[in-house]
Protein chains: 2
Amino acid sequence: MAYQQTALDTVFHALADPTRRAVVQKLVQGSASVMELAEPFEMALPSFMKHVQVLETSGLIRSQKTGRVRTCEINPERLGAAETWINEQRALWVGRTDRLTDHVETLATKKETK
Amino acid sequence: MAYQQTALDTVFHALADPTRRAVVQKLVQGSASVMELAEPFEMALPSFMKHVQVLETSGLIRSQKTGRVRTCEINPERLGAAETWINEQRALWVGRTDRLTDHVETLATKKETK
DNA sequence: GATACACTTAGCTATATGGCTTACCAACAA
DNA sequence: TTGTTGGTAAGCCATATAGCTAAGTGTATC
C-alpha cells in the first residue's frame, strides 16, 4: 500500500503540469520521438527532457533509445491507477448520497403512513 | 481552456500528496472539522492547515468557519474534472487500440479470402 | 473574568521544482 | 572526414513546497 501511495504521488505530480499533460495526450494517440513531442513547446530541449524524465519516473510513459532517437510510449496501466483512485472516491461519494437519499425517503414514507 | 488547464494543474498538484489524498478520502464520506481531519496525522496544525489551503485553492474542497470551528466538505465537481481528463485519455487510448485491432482483423480477413 | 480550544499569522529552514545556458557525446548523412 | 542531428550532462537561478516553532486571535466554556 505504501508503494501504491508513492506511485500515486508521482503520477498526480506528473499530471500537475500542462506540458506533461500535453505529452500524455499526444502519446495516448501513438508513440512519438522526443523531438516530435518537444516541437510544439517553446522550451529548451534540456528543460523538456526533464518533463519526460518526470513522466517516466512516474511510470506514465516508457522510452527507448534506438540509434540517436529516443521514442516514448504511454503506459496505460499507470494512468489507470489514477483513474481507479478517483473512481474509488466517487463511489464513496455516490454511496453516501445514496444513503442520504434513502434516509430522506424513509422519513418521507413514515410521514405518509401516519 | 486556459482556465481549465490551470484548474487541472492545481487539482492534480493537490492530489500529489498522501496527506491531501487522505483528506479527500475522508471528506467524500462526509464533511468534517479541521481538527477531526488533522487528528490522524503527526503534523503541526499550521502545517496541516497548509494542506487544507492547497485543497481549497484547487477547488476540491470548500470550508466554512462557524464559531471557532472550520468545517470542510468535498466539492465533487472538481474531482470530476480530473476524472474527465483521465477518461478522455483513456478514450483516445482505447480508440487507438480499437483501430489497431480493426486493422489487424482486416488483414486477417484478407488473408483468409485469398 | 480566566481558561481552554480551534484555529491563524509570521517567519524560518531544507528541499524540490522548472526554467535557462553551455558544453558535450553518439549516431547518422553528406 | 566533416557536418548535422538528437539528445545528454552539468551547473545556475528563481520560485515553490512542506515541514517546523512561536505567538496571536477569536470563540466557547467554566
Residues within residues 56-63 of chain A bordering DNA chain C, heavy-atom distance below 4.0 Å: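 When residues 56-63 of chain A is checked for heavy atoms under 4.0 Å from DNA chain C, there are no hits whatsoever.
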Within residues 11-31 of chain A, which residues have any heavy atom lying less than 4.0 Å from an atom of DNA chain C?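 DNA chain C contact set from residues 11-31 of chain A: His13(A), Arg20(A).
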Please state how far atom CG in Asp9(B) lies from atom P in dA16(D), giving the value in whole angstrom units.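 Taking atom P of dA16(D) as the reference, CG of Asp9(B) is at 13 Å.
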When the distance from CD of Gln53(B) to C1' of dG19(D) is rounded to whole Å, what number comes out?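 Rounded to the whole Å, the gap is 16 Å.
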Listed by chain and number, what are the side-chain contact (heavy atoms from CB on, under 4.5 Å) partners of [X], not counting sequence neighbours?
X: Ser47(A); answer: Met43(A), Ala44(A)
X: Pro40(B); answer: none
X: Ala91(A); answer: none
X: Ala82(A); answer: Val11(A), Phe12(A), Ile86(B)

Counterpart residues, side chain to side chain donor-acceptor pair (under 3.5 Å), relative to Asn87(A) (two or more places apart):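 Counting only residues at least two positions away or on another chain, Asn87(A) forms no side chain to side chain donor-acceptor pair (under 3.5 Å).
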Excluding sequence neighbours, so at least two apart, what forms side chain to side chain donor-acceptor pair (under 3.5 Å) with Glu36(B)?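 Side chain to side chain donor-acceptor pair (under 3.5 Å) list for Glu36(B), sorted by chain: Ser33(B).
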ring-ring contact (aromatic ring centres under 6.0 Å, His included): pairs with one or both residues in residues 16-49 of chain A, sequence neighbours excluded: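 Checked against ring-ring contact (aromatic ring centres under 6.0 Å, His included) - neighbours excluded - the pairs reaching residues 16-49 of chain A are Phe41(A)-Phe48(A).
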Please list all pairs meeting ring-ring contact (aromatic ring centres under 6.0 Å, His included) that have one or both residues in residues 53-82 of chain A, counting only residues at least two apart or in different chains.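 Checked against ring-ring contact (aromatic ring centres under 6.0 Å, His included) - neighbours excluded - no pair reaches residues 53-82 of chain A.
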Kindly determine whether Ile74(A) and Gln89(B) satisfy side-chain contact (heavy atoms from CB on, under 4.5 Å), including the steps that lead there. CA-CA 10 Å; Ile74(A) 199 72; Gln89(B) 309 326 306; over 6 Å; no
Quick check: is Val54(A) connected to Val23(A) through a chain of hydrophobic side chains (ILVMFWY, heavy atoms under 4.5 Å apart)?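 In one cluster: no.
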Any chain of hydrophobic side-chain contacts (each under 4.5 Å) joining Leu15(A) to Val24(B)?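 Both belong to a single hydrophobic cluster.
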Please evaluate residues Asn75(A) and Leu60(A) with respect to the criterion side-chain contact (heavy atoms from CB on, under 4.5 Å), reporting the C-alpha separation (whole Å), side-chain torsions for both, the decisive distance (0.1 Å), and the verdict. CA-CA 5 Å; Asn75(A) 175 14; Leu60(A) 281 163; 5.9 Å; no
When you list every nucleotide of DNA chain C with an atom under 4.0 Å from a heavy atom of chain B, which one comes first 5' to 3', and which comes last?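 Range of nucleotides touched by chain B: dA4(C) to dT9(C).
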Mark up nucleotides 20-30 of chain D, 5' to 3', with B wherever a protein heavy atom is under 4.0 angstrom from a base atom, S wherever such an atom reaches only the sugar-phosphate, and - elsewhere. BBB---BBS--
Flag the pair Glu56(A) and Arg62(A) as a salt bridge only when some basic side-chain nitrogen lies within less than 4.0 angstrom of an acidic carboxylate oxygen.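 The answer is no: the pair does not qualify as a salt bridge.
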